[in-house]
Amino acid sequence: MEFSAQLSSDYPDKTYGGDRVYGDMLDQAVLADRMGFDAVSITEHHLMNCLMMPAPLQFAVKIAAMTKSVKIMTSIVVLPLHDMRIYAGEVVVADIFTEGRLLLGVGRGAFKYEMERLGVPMEETQARFNESLSVLQALLTEEEVSWDGDYYKFDPITVMPRPVRPGGPPMMMAVMNPEGIYHCTRRGFHIQTTPLSGNHQLLLDQVGAFNRAKADMEGAGDGLTLTLSRVAHVARTPAERQRKVEAAHRYYGRFDNVFTGPGLVDNGMVRELPCATPVDELGESLLICTPQEMIDKLGPYADLGIDRVILNFNFGLDPSDTLDAIQCFAEEVMPHFTGRPASVAAE
């Protein structure tokens with residue numbers, strides 16, 4: 001089982017500066033690369049300070065310039081916010097500039113606040129995503145593509161330059177519903193999912209759907225991977241754990257505001273609302289624990305055959321906390337699952 005460090009941005013104070021926020025994220029990427037992480041993950045969000053990354057492909061290119069081998073995953077880019085005729089070319093260029101390390105994770109968008117303020121009604125996101133994905137795939141695999149759909153109508157065009165890799169970079173689908181996982185896997189996509197706050201039965205159903213799809217593909221899906229996303233942090237003492245769980249609780253108060261809540265954003269700053277999950281219950285569901293406890297909690301994921309776990313270390317803590325957690329995880333936890341000794345991971 002491999003691991004990715006989520007480079008999620010948290011920008012609680014505008015005076016800190018976007019340059020410092022992204023500088024912190026680049027430091028995390030460089031450290032993750034040096035410590036032997038399989039990948040780093042970046043998301044796309046606009047108009048808010050929570051998970052703030054309006055230009056993930058640009059960021060991917062910058063990361064590639066500062067690292068040696070780590071894969072760069074977009075987890076995820078929101079296709080309905082882009083014109084695929086333009087975006088396809090941007091993907092090709094980013095794949096070239098990242099020297100083949102790009103894994104393009106795509107999704108429909110989940111935050112009503114940003115989607116509707118950018119002109120995409122939430123009730124249209126699935127239909128728009130489905131057509132956008134089909135257009136993107138066509139443009140990356142074929143020449144002289146024309147389209148006559150609900151959202152795209154255009155005469156024959158050829159995206160230039162053509163992809164270096166046939167069909168462009170590998171694509172990963174962000175999907176939670178088990179049946180959705182089954183059908184996306186059957187279509188040849190890598191899968192990224194999450195059991196949210198730790199719902200184990202949902203996780204079993206998600207893994208089962210992925211494995212069922214691969215079995216039904218009779219070998220054609222052997223190279224497909226299942227990636228799981230979780231909030232995590234290393235804490236060596238009960239006091240440290242409590243401090244970090246409380247920070248995560250406040251983070252979820254902001255996250256839930258724009259994910260399932262009213263979407264209250266003041267001048268770009270997501271309002272912190274009371275988290276519906278009690279802090280102790282949230283602490284039990286997240287991976288905030290000692291290195292040995294982390295090994296014990298990740299063990300069932302490895303037993304289920306999950307290929308990669310994305311770990312979000314950054315949820316409002318000091319940047320030094322995040323760097324320390326990345327290094328500690330790589331040295332004390334990761335070797336138990338990658339099969340690579342700690343001395344190799346730390347080179």
Side-chain angles (χ1 to χ4, degrees), residues 1-11 21-22 24-46 50-79 91 94-95 98 100-111 169-176 189-196 224-233 248 251 255 259 286-287 298 301 306-317 319 322-323 325-327 329-330 333-334 337-338:
M1 189 166 69
E2 294 288 352
F3 297 92
S4 174
Q6 175 76 29
L7 305 180
S8 60
S9 60
D10 194 72
Y11 189 30
V21 171
Y22 295 138
D24 294 339
M25 294 164 72
L26 285 169
D27 289 343
Q28 295 163 29
V30 169
L31 180 61
D33 181 52
R34 182 167 61 85
M35 300 303 295
F37 277 75
D38 174 64
V40 293
S41 306
I42 51 181
T43 188
E44 176 180 7
H45 282 293
H46 302 262
C50 182
L51 303 171
M52 175 187 66
M53 175 45 64
L57 291 182
Q58 286 180 315
F59 194 41
V61 171
K62 179 67 173 179
I63 292 169
M66 297 182 66
T67 57
K68 294 181 179 180
S69 60
V70 70
K71 298 182 185 72
I72 305 162
M73 301 164 49
T74 61
S75 308
I76 55 153
V77 293
V78 184
L79 292 191
V91 168
D95 194 36
T98 57
R101 287 193 269 151
L102 182 66
L103 175 57
L104 189 68
V106 298
R108 60 183 279 192
F111 291 177
M171 286 196 192
M172 179 173 64
M173 191 74 69
V175 56
M176 284 180 52
F189 293 106
H190 299 275
I191 300 296
Q192 177 190 325
T193 194
T194 177
L196 290 176
L224 299 179
T225 58
L226 177 63
T227 296
L228 186 71
S229 179
R230 295 301 309 274
V231 169
H233 225 277
Y251 167 81
F255 179 85
F259 181 49
L286 300 178
L287 300 177
L298 288 170
Y301 298 163
I306 290 168
D307 298 290
R308 183 189 296 110
V309 177
I310 299 174
L311 301 169
N312 182 1
F313 296 106
N314 186 8
F315 44 85
L317 296 169
T322 302
L323 292 175
I326 290 172
Q327 180 157 349
F329 183 89
V333 178
M334 201 160 66
F337 301 99
T338 63

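Hydrogens, waters and symmetry mates play no part in the numbers below; they use all other heavy atoms, side chains included.
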(Q) Is any side-chain heavy atom of Asn312 closer than 4.5 Å to one of Arg230? (A) no

**Q.** Phe329 vs Met35 side-chain heavy atoms within contact, under 4.5 Å
**A.** no

(Q) Is it the case that the side chain of Asp307 and the backbone of Thr227 share a donor-acceptor pair, with hydrogens and angles ignored and the cut-off at 3.5 Å? (A)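 Absent.
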
(Q) Given Ser8, which partner from the list Leu51, Ile310, Ile42, Thr43 fulfils the side chain to side chain contact (heavy atoms under 4.5 Å, CB included) test? (A)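 That would be Leu51.
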
Q: Quick one: closest heavy-atom pair of Pro195 and Ser229, and the distance?
A: CD-O, 4.3 Å

Q. Between Leu26 and Phe59, is any pair of side-chain heavy atoms under 4.5 Å apart?
A. yes

Q. Which word best sums up how the rings of Tyr251 and Phe255 line up, parallel for under 30°, tilted for 30 to 60°, or perpendicular for over 60°?
A. parallel

Q: Could you tell me which non-hydrogen atom of Asp24 sits nearest to which non-hydrogen atom of Pro319, and how far apart they are?
A: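 That would be OD2-CG, 3.3 Å.
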
Q. Going from CG on Leu104 to CG on Leu79, what distance comes out if it is rounded to the nearest 0.5 angstrom?
A. 7.0 Å

Q) Minimum heavy-atom separation for Ala5 to Phe37, with atom names? A)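 That would be N-CD2, 3.8 Å.
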
Q | CD1-OG distance between Ile72 and Ser4, expressed to the nearest 0.5 angstrom | A | 10.5 Å

Q | Between CG on residue Asp27 and CG on residue Leu323, distance to nearest 0.5 Å | A | 6.0 Å

**Q.** Arg101 and Thr67, any side-chain heavy atoms less than 4.5 Å apart
**A.**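 Answer yes - side chains close enough.
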
Q: May I ask you to decide if Met52's main-chain N or O and Ser9's side chain share a donor-acceptor pair within less than 3.5 Å?
A: yes

(Q) Applying side chain to side chain contact (heavy atoms under 4.5 Å, CB included) to Arg308 and Leu103, what does each step give before you reach the verdict? (A) CA-CA 13 Å; Arg308 183 189 296 110; Leu103 175 57; 4.3 Å; yes

Q: Would you check if the distance from the ring center of Phe337 to the ring center of Tyr301 is below 6.0 Å?
A: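 Centroid distance Phe337-Tyr301: not below 6.0 Å, so no.
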
Q: May I ask you to test the Thr74-Leu102 pair for a side-chain heavy-atom distance under 4.5 Å?
A: yes

Q. Are His190 and Gln192 close enough, and set up right, to give a side chain to side chain donor-acceptor pair (under 3.5 Å), and what steps lead you there?
A. CA-CA 7 Å; His190 299 275; Gln192 177 190 325; over 6 Å; no

Q: Report yes if some heavy atom in the side chain of Ile76 is under 4.5 Å from a heavy atom in the side chain of Glu44; otherwise report no.
A: no

Q: Of all the heavy-atom pairs spanning Asp95 and Pro169, show the shortest one and how long it is.
A: OD1-CB, 3.8 Å

Q: Just do the side chain to side chain contact (heavy atoms under 4.5 Å, CB included) check on Gln6 and Asn314 with the steps written out, would you?
A: CA-CA 8 Å; Gln6 175 76 29; Asn314 186 8; over 6 Å; no

Q. Nearest 0.5 Å, what's the CE-OG1 distance between Met172 and Thr193?
A.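 Reported value, rounded in 0.5 Å steps: 11.0 Å.
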
Q | Side-chain (Thr98) to main-chain (Ala64) donor-acceptor, under 3.5 angstrom | A | no

**Q.** Separation between CD1 of Ile63 and CE of Met73, rounded to the nearest 0.5 Å
**A.** 12.0 Å

Q: Looking only at non-hydrogen atoms, find the nearest pair between Met1 and Leu298 and report the distance.
A: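 Closest approach of Met1 to Leu298: CE-O, 3.8 Å.
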
Q: First locate atom CD1 of Ile191, then atom CG of Leu224, and finally report the distance between them rounded to the nearest 0.5 Å.
A: 8.0 Å

Q: Please confirm whether the backbone N or O of Phe315 pairs with a side-chain atom of Asp10, one donor and one acceptor, at under 3.5 Å?
A: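 Checking the backbone N and O of Phe315 against the side chain of Asp10, no donor-acceptor pair under 3.5 Å is found.
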
Q: Report yes if the side chains of Val40 and Asp33 come closer than 4.5 Å at any heavy-atom pair, otherwise no.
A: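 The answer is no; the side chains never approach within 4.5 Å.
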
Q.
Angle between ring planes, Phe313 versus His233, binned at 30° and 60°: parallel, tilted or perpendicular?
A.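 Rings of Phe313 and His233: perpendicular, over 60°.
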
Q: Could you please spell out the steps behind the side chain to side chain contact (heavy atoms under 4.5 Å, CB included) verdict for Val91 and Val77?
A: CA-CA 11 Å; Val91 168; Val77 293; over 6 Å; no

Q. Does any non-hydrogen side-chain atom of Thr338 lie less than 4.5 Å from one of Phe3?
A. yes

Q: Please assess Met53 against Tyr22 for the test side chain to side chain contact (heavy atoms under 4.5 Å, CB included), listing each intermediate value before the final yes or no.
A: CA-CA 9 Å; Met53 175 45 64; Tyr22 295 138; 3.3 Å; yes

